[in-house]
Amino acid sequence: MKRDIVQHLPKIELHCHLDGSVRPHILEQLAQIQNRPLSATGPELAAKLIAPEECQSLLEYLERFDIVLPYLQEASALELIAYDLIAQVAAENVTYIEVRFAPMLFVKEGLTITEIVAAVLAGLKRGEVAFGVKSNALLCAMRHHSHQRNQEVIESAKEYLGRGVAGFDLAGDEANYPTADFSELISLGVTQQIPVTLHAGECGCPQNVAESIRLGATRIGHGIAIQKDPAVLQTCIENQTLVEMCPTSNFQTKAVLELADYPFKHFLEAGLKICINTDNRTVSNTTLTDEYLKLHQWYGIDYRCMETLNHNAVDGAFISDQVKEALHAQLTAEYAHLS
Ligand SMILES: O=c1[nH]cnc2c1ncn2[C@@H]1O[C@H](CO)[C@@H](O)[C@H]1O
Ligand SMILES: [Zn+2]
C-alpha cells in the first residue's frame, strides 16, 4: 500500500474525539483570542499535547486533555475546533465521520449543554458545507461524572437525535469505574432508542464488553480485552457488534504492551466485525491514513482488507440505510480498480 493512495481513498471514521483532535496552531489561535496564554507554543506545545511514549496507562493518556479543556469553554471555540476537525479529515478523504465529545467538560464557564451541542453541530455543518464531509456527533457521558450530569447528556442526545447527534457513548477512566455501575444510565438511553457505542475492554476487563452488549450497545470502543475471553468474543460475533479499534492509541494507553498481543488479526480471522479509527488525532499524533499504513506494515494488509474495514464501519454507523447504501456504493466503486 502507498501513502498517497491510502490518503486519497474514501474512508469512514466512527471513533474520533473532538477534544483530542485540536491542532496545536488552532489552540494557539484560541489562546490569543481568549487572552489566556499557553505554557508553551510551537513545537513545544505540539509535544505537550501528544501522549508520551512512556505513558503508562489510560489515566496518564487522559491527562493530555487537561491542557486543552480551559480553552474550550466558549461556544465560538467549540464551533472552530469542530470545523477544523472536518478540515483535517477532508484532507485524507474521510467521507463520513462520527465525532464524539463530552458536553459536560465544557460547562466550566457557564455554557449550557444546549449551547455546547449547538456550537459543535454548527462547526460540523460549516465543515460539511466547505469540504463536503458528512458527519454526526456522539455525546459522551464521563465515567467520573455524577449520574445526574450523565443523565443530562442522555437528555440532550435525545433532544438532538436525528438533528446532528446520532448516538451516545461512555468515556473516561474504565479501570476505576466498571460499566455495570452505569446500567441504569445506559438503559435510559437504550429505551429512548438512542444508538449506543461504549468504550469498553480498553483496560483489560472483558466483562465490561459483555455488560455493554447486554445493556444494548451495538458498538464497542477499543474492545481489546475481548481477546481474553472466548465467550465474550462469541457474544460479539453473534450480535454482530462492531469493534472500533484504534491501533496507535491502544499502545499508548497500554491496552496492549507488544505487537504480538495486538488482536487485529485474531479478531479479523475469528469473524468479529472491526473498523479502524484514530481515537484522538492530536493526543495520539495520528491520522486515519497513518493507522491503515501501520496495519499494512504490521500485518501486510492490502487495499481489499482496507475496503472491508471501511464497509464494516458503514454497517455499524449510526445512519439511515439509505445513507449507508450510498457510502457502500462509493467505497465499492473507488476501491474496485485496486488489487
Ligand atoms: O481512549 C479513550 N478511552 C477513554 N476515554 C477517552 C479516550 N480518549 C479520550 N477519552 C475521553 O473522552 C473525553 C471526551 O472526548 C475526553 O475528554 C477524554 O477524557
Ligand atoms: Zn476513545
>> I'd like to know whether H25 forms a side-chain hydrogen bond (donor to acceptor under 3.5 Å, both in side chains) with Q29, so could you lay out the CA-CA distance, the side-chain angles of the two residues, the decisive distance to 0.1 Å, and finally the verdict.
In response: CA-CA 6 Å; H25 75 273; Q29 217 172 299; 5.1 Å; no

>> Applying side-chain contact (heavy atoms from CB on, under 4.5 Å) to L49 and N285, what does each step give before you reach the verdict?
In response: CA-CA 9 Å; L49 293 172; N285 191 27; over 6 Å; no

> Do H296 and D302 pass the side-chain hydrogen bond (donor to acceptor under 3.5 Å, both in side chains) test, and can you show the C-alpha distance, the side-chain angles, and the key distance before you say yes or no?
Replying inline: CA-CA 7 Å; H296 173 65; D302 57 11; over 6 Å; no

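With 3.5 Å as the limit, one finds no donor-acceptor pair spanning the side chains of T41 and E28. Remark: the S21 side chain and the Q88 side chain contain no N/O donor-acceptor pair separated by less than 3.5 Å. Checking Y160 against T114 by side-chain atom types alone, no donor-acceptor pair falls below 3.5 Å. Neither side chain, T278 nor E291, offers a donor N or O lying under 3.5 Å from an acceptor on the other. Side chain to side chain, D173 and N176 meet the donor-acceptor criterion of an N or O pair below 3.5 Å. A donor atom on one side chain and an acceptor atom on the other are found under 3.5 Å apart for D4 and H8. Using modelled atom types and a 3.5 Å distance limit, the side chains of K294 and T248 yield a donor-acceptor pair.
Using a cutoff of 4.0 Å between basic side-chain nitrogens and carboxylate oxygens, E109 and R36 are scored as salt-bridged. Using a 4.0 Å cut-off between charged side-chain N and carboxylate O, R219 and E98 make a salt bridge. Here R281 pairs with E92 in a salt bridge; the nearest charged N to carboxylate O distance falls below 4.0 Å. Contact check on R214 versus E211 returns a salt bridge, with a Lys/Arg side-chain nitrogen under 4.0 Å from an Asp/Glu carboxylate oxygen. Of the charged side-chain nitrogens involved, none lies within less than 4.0 Å of a carboxylate oxygen, so that D181 and R143 do not count as a salt-bridged pair.
More than 12 heavy atoms of other residues, nucleotides or ligands shown are found within 6.0 angstrom of CD on Q192. The 12-atom threshold is not exceeded at NZ of K134, counting heavy atoms of other residues, nucleotides or ligands nearer than 6.0 Å. Heavy atoms from other residues, nucleotides or ligands lying under 6.0 Å from CD of Q32 number 12 at most. Counting heavy atoms of neighbouring residues, nucleotides and ligands inside a 6.0 Å radius, atom CD of Q322 does not exceed 12 of them.
We find the OG-CD1 distance between S135 and I319 to be 11.5 Å, quoted to the nearest 0.5 Å. Expressed to the nearest 0.5 Å, how far CG of D169 lies from CD1 of I220 amounts to 10.0 Å.
S57 places none of its side-chain heavy atoms less than 4.5 Å from the side chain of K254. Using a 4.5 Å heavy-atom threshold, the side chains of I194 and K158 count as touching. A 4.5 Å side-chain heavy-atom check between S212 and V209 finds every atom pair outside the cut-off. Between V6 and Y303 there is a side-chain heavy-atom pair separated by less than 4.5 Å. Proximity of N136 to V165: side-chain heavy atoms (C-beta onward) are nowhere separated by under 4.5 Å. For the pair L14/N277, a side-chain contact is recorded, criterion being any heavy-atom separation below 4.5 Å from C-beta on. Between V120 and E79 there is no side-chain heavy-atom pair separated by less than 4.5 Å. Using a 4.5 Å heavy-atom cutoff, the side chains of Y292 and I301 are in contact.
Pairs passing the ring pair (Phe, Tyr, Trp, His ring centres under 6.0 Å) check and including a residue from residues 221-268, sequence neighbours excluded, read H15-H222, H199-H222, F251-Y262, F251-W298, F264-Y299.
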